[in-house]
Amino acid sequence: MSFANKLIAWYRSEGRDLPWRKTQDPYIIWLSEVILQQTRVEQGLPYFYTFVEHFPSVAEFAAANEDEVLRLWQGLGYYSRARNMHKAAKIVVQDYQGQFPCDYEDLLSLPGVGEYTAAAISSFSVGECKAVLDGNVFRVLARVFGIPTAINTGEGKKLFQALAQDLISTSDPGTYNHAIMDFGATVCKPKAPLCGDCIFRGECAALEEDTVALLPVKLKAKKSRDRYFNYFVIEDDGMILMSKRGSEDVWANMYEFPLIETKDKLELEELIHTEEYRTAFGDAVVKPLGGVTKHVLSHQNIYARFFRLPNAKDVLEKKDTWHYFLLENLDKLAKHKLVFSFIDKYL
DNA sequence: CATCCGTGGCG
DNA sequence: TCGCCAAGGAT
């Protein structure tokens with residue numbers, strides 16, 4: 001049996017039953033695929049249900065405002081996915097009369113839809129013969145065929161993309177794409193793969209050469225940088241001062257408390273004498289709330305501290321991005337994890 | 001094209 | 001504790 005047919009046969013008996021596999025609606029498939037970018041199924045699943053329920057059609061998605069979309073996305077990370085989805089929904093309504101495209105090239109033109117997602121949607125919805133290339137496919141192919149080329153290089157991507165397209169089932173591309181990803185996620189796993197009863201155990205190059213744990217090869221990423229965030233909790237008569245982040249940095253357009261970032265780790269005594277602090281808060285009383293929280297992002301380590309400013313409202317120099325909200329309305333704002341977990345704990 | 005963009009789970 | 005990495009995309 002061919003490589004593709006083995007995978008498809010395995011998938012028909014062992015594949016997982018996931019909700020987005022029951023439909024051929026490109027809109028629903030798009031929701032699931034973007035949610036699942038760099039995200040485990042278990043983590044994305046509740047968000048998929050939320051988005052399907054909240055936005056049953058692309059027209060309703062497009063009619064929302066960005067803050068609402070980000071609020072629903074809160075906690076899932078990589079928030080540009082949500083902002084790009086919102087832009088894409090508007091494009092589909094305007095340029096495609098609300099008919100979500102199934103064509104690979106049309107899909108590729110949408111913001112937030114790259115080669116992987118365009119291949120997934122077009123193959124799952126109308127059976128277009130485009131091979132998906134994601135982390136699972138890299139791993140399965142690297143091991144079964146014993147390919148030592150680093151996957152995060154131009155050469156590696158080109159090589160694996162060509163091989164993937166060469167191996168795809170031309171009679172059932174959609175099922176094949178589901179199969180190889182599901183196989184990678186549940187059998188040919190990064191750690192502790194189930195080689196013992198693998199369908200390729202008789203022909204897997206990595207198993208034969210005992211290099212399963214070494215493949216795929218991936219060049220190491222640059223080390224993360226450290227940042228120091230000081231957040232200030234300022235209340236005024238049941239209202240709390242919140243700040244909306246800009247579009248350039250991490251957590252774009254998300255809400256948080258007024259922030260002063262310092263270049264180095266500063267003691268409170270040093271912090272209150274910085275120019276930025278003096279300008280914003282003068283000599284208002286400061287009370288620390290808890291200790292230092294280390295928050296790890298993909299390329300940064302953020303060391304955050306929180307302070308309460310009990311009487312800052314009298315001396316405050318308010319910035320444009322700062323607005324008061326009722327405490328009970330904070331729930332409606334899209335906040336990043338560092339801030340909403342603090343709120344859950346202390347407010 | 002190297003780097004940036006979150007969060008959570010796991011060995 | 002720490003590093004890896006997970007159904008990637010944009011710049």
Side-chain angles (χ1 to χ4, degrees), chain A residues 15-16 18-21 29-48 70 73-85 87-88 107-121 123-124 131-140 150-158 160-161 164 174 177-186 188-193 213-225 227 245-254 256 294-302 334-341:
Chain A
R16 291 175 293 183
L18 299 170
W20 43 83
R21 294 179 175 169
I29 296 168
W30 169 70
L31 287 178
S32 71
E33 290 303 333
V34 178
I35 285 171
L36 290 173
Q37 286 168 7
Q38 295 288 283
T39 304
R40 287 185 169 76
V41 166
E42 313 82 69
Q43 193 187 358
L45 200 51
Y47 288 85
F48 172 75
L70 284 174
W73 201 270
Q74 172 175 303
L76 193 55
Y78 283 147
Y79 297 98
S80 67
R81 289 183 290 172
R83 289 182 278 110
N84 282 332
M85 282 185 105
K87 290 178 195 164
L107 289 162
L108 200 54
S109 73
L110 296 174
V113 176
E115 291 181 12
Y116 163 78
T117 305
I121 299 173
S123 66
F124 298 154
V132 292
L133 183 57
D134 74 332
N136 294 304
V137 178
F138 275 122
R139 188 170 55 254
V140 172
I151 61 173
N152 54 345
T153 61
E155 183 194 357
K157 283 172 189 159
K158 199 184 296 181
F160 281 91
Q161 183 72 65
N177 277 339
H178 273 137
I180 190 167
M181 289 194 287
D182 218 29
F183 181 78
T186 63
C188 196
K189 300 181 291 180
K191 306 286 181 186
L214 304 178
L215 295 175
V217 172
K218 198 174 187 178
L219 272 39
K220 290 199 188 308
K222 210 182 70 172
K223 266 178 63 178
S224 294
R225 66 179 169 129
R227 299 176 72 177
R245 292 183 64 84
S247 54
E248 303 300 302
D249 202 353
V250 291
W251 296 318
N253 302 2
M254 305 289 282
E256 60 184 11
K294 181 182 180 184
H295 190 85
V296 179
L297 285 69
S298 49
H299 286 72
Q300 313 181 15
N301 298 314
I302 293 176
K335 303 169 294 298
H336 54 80
K337 200 231 172 192
L338 180 55
V339 164
F340 70 65
S341 53

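Naming: A, B, ... by sequence-line order, numbering from 1 per chain. Treat the numbers as computed from the prediction; the structure is a model and nothing was measured.
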- Scan A/T117 against the nucleic acid and name what it touches under 4.0 Å (heavy atoms): base, sugar-phosphate only, or nothing. sugar-phosphate
- A/L297 CG to C/dA6 C1', straight-line distance once rounded to whole Å: 16 Å
- Task: Output yes when a side-chain donor or acceptor of A/R139 lies under 3.5 Å from a complementary backbone atom of A/G184, and no otherwise.
- Result: yes
- Distance test, side-chain N/O of A/K337 to OP1/OP2 of B/dG8, below 4.0 Å: yes
- Message: Suppose you measure atom P in B/dT3 against the same atom in C/dC4; what distance do you get, rounded to whole Å?
- Response: 15 Å
- Query: So, is A/Q37 close to the C/dG8 phosphate, meaning a side-chain N or O under 4.0 Å from OP1 or OP2?
  - Reply: no
- So, A/R227 side chain and A/Q300 main chain: donor-acceptor pair closer than 3.5 Å or not? no
- Task: Measure the acute angle between the ring planes of A/F138 and A/F160, then classify it against the limits of 30° and 60° as parallel, tilted or perpendicular.
- Result: perpendicular
- Query: Hey, does A/R225 reach any base, or is it just sugar-phosphate, or nothing, if we go heavy atoms under 4.0 Å?
  - Reply: nothing
- Separation of C/dC4 P from A/N136 CG (nearest whole Å): 19 Å
- Query: Are any of A/R139's side-chain N or O atoms less than 4.0 Å away from OP1 or OP2 of C/dA6?
  - Reply: yes
- Once you round it to whole Å, what is the distance between C1' of C/dC4 and CZ of A/R40? 9 Å
- Message: For a quick check of understanding: with a heavy-atom distance under 4.0 Å over all strands, which category does A/G184 fall into, base, sugar-phosphate or nothing?
- Response: nothing
- Task: Have a look at A/V113 and say if it touches a base, only the backbone sugar-phosphate, or nothing, with a 4.0 Å heavy-atom cut-off.
- Result: sugar-phosphate
- Task: Tell me whether the OP1 or OP2 atom of C/dC4 has a side-chain N or O from A/K220 closer than 4.0 Å.
- Result: yes
- In terms of the angle between their ring planes, are A/F48 and A/W20 parallel, tilted or perpendicular, with boundaries placed at 30° and 60°? perpendicular
- Report the distance from atom CE of A/M85 to atom P of C/dA10, rounded to the nearest whole Å. 13 Å
- Would you say A/H295 reaches B/dT7's phosphate, i.e. side-chain N/O to OP1/OP2 under 4.0 Å? yes
- Task: Return no unless some side-chain N or O of A/W251 is found under 4.0 Å from OP1 or OP2 of B/dT7.
- Result: yes
- Message: For A/L107, is there any backbone N or O sitting under 3.5 Å from a side-chain donor or acceptor partner on A/S109?
- Response: no
- Is a side-chain donor or acceptor of A/D182 paired with a backbone partner of A/R16 at a separation under 3.5 angstrom? yes
- Map A/K294 and A/K218 onto DNA chain C by nearest heavy atom, then report which one ends up closer to the 5' terminus. A/K294
- Item | Presence of A/K157 side-chain N/O under 4.0 Å of C/dG8 phosphate oxygens OP1/OP2 | no
- Item | N or O in side chain of A/Q300 less than 4.0 angstrom from B/dC5 OP1/OP2 | yes
- Query: In whole angstrom, what separates A/N253's CG from B/dC5's P?
  - Reply: 14 Å
- Task: Take the protein atom CG of A/L110 and the nucleotide atom C1' of C/dG9, then report the distance between them rounded to whole Å.
- Result: 13 Å
- Message: Just the rounded figure in Å: distance from P of B/dT7 to CH2 of A/W73.
- Response: 13 Å
- Note on the structure: Rounded to whole Å, the NE2-C1' distance (A/H299 to C/dC4) equals 13 Å
- Does a side-chain N or O from A/T39 land closer than 4.0 Å to OP1 or OP2 of B/dG8, or not? no
- Query: When we call it a touch if two heavy atoms are under 4.0 Å apart, what does A/E115 touch: a base, just sugar-phosphate, or nothing?
  - Reply: sugar-phosphate
- Message: Before you tell me yes or no, could you show the steps for A/V132 and A/H178 under side-chain contact (heavy atoms from CB on, under 4.5 Å), namely the whole-Å CA-CA distance, both residues' side-chain angles and the distance that decides it to 0.1 Å?
- Response: CA-CA 9 Å; A/V132 292; A/H178 273 137; over 6 Å; no
- Task: Write down the distance separating the P atoms in C/dT11 and B/dG6, rounded off to the nearest Å.
- Result: 14 Å
- Task: With the side chain of A/D249 defined as its heavy atoms from C-beta on, choose the nearest nucleotide among B/dT3, B/dC5, B/dG6.
- Result: B/dC5
- On a whole-Å scale, what distance lies between the P atoms belonging to B/dC4 and C/dA7? 23 Å
- Is there a donor N/O on one and an acceptor N/O on the other, under 3.5 Å, for the side chain of A/Y78 and the base of B/dG6? yes
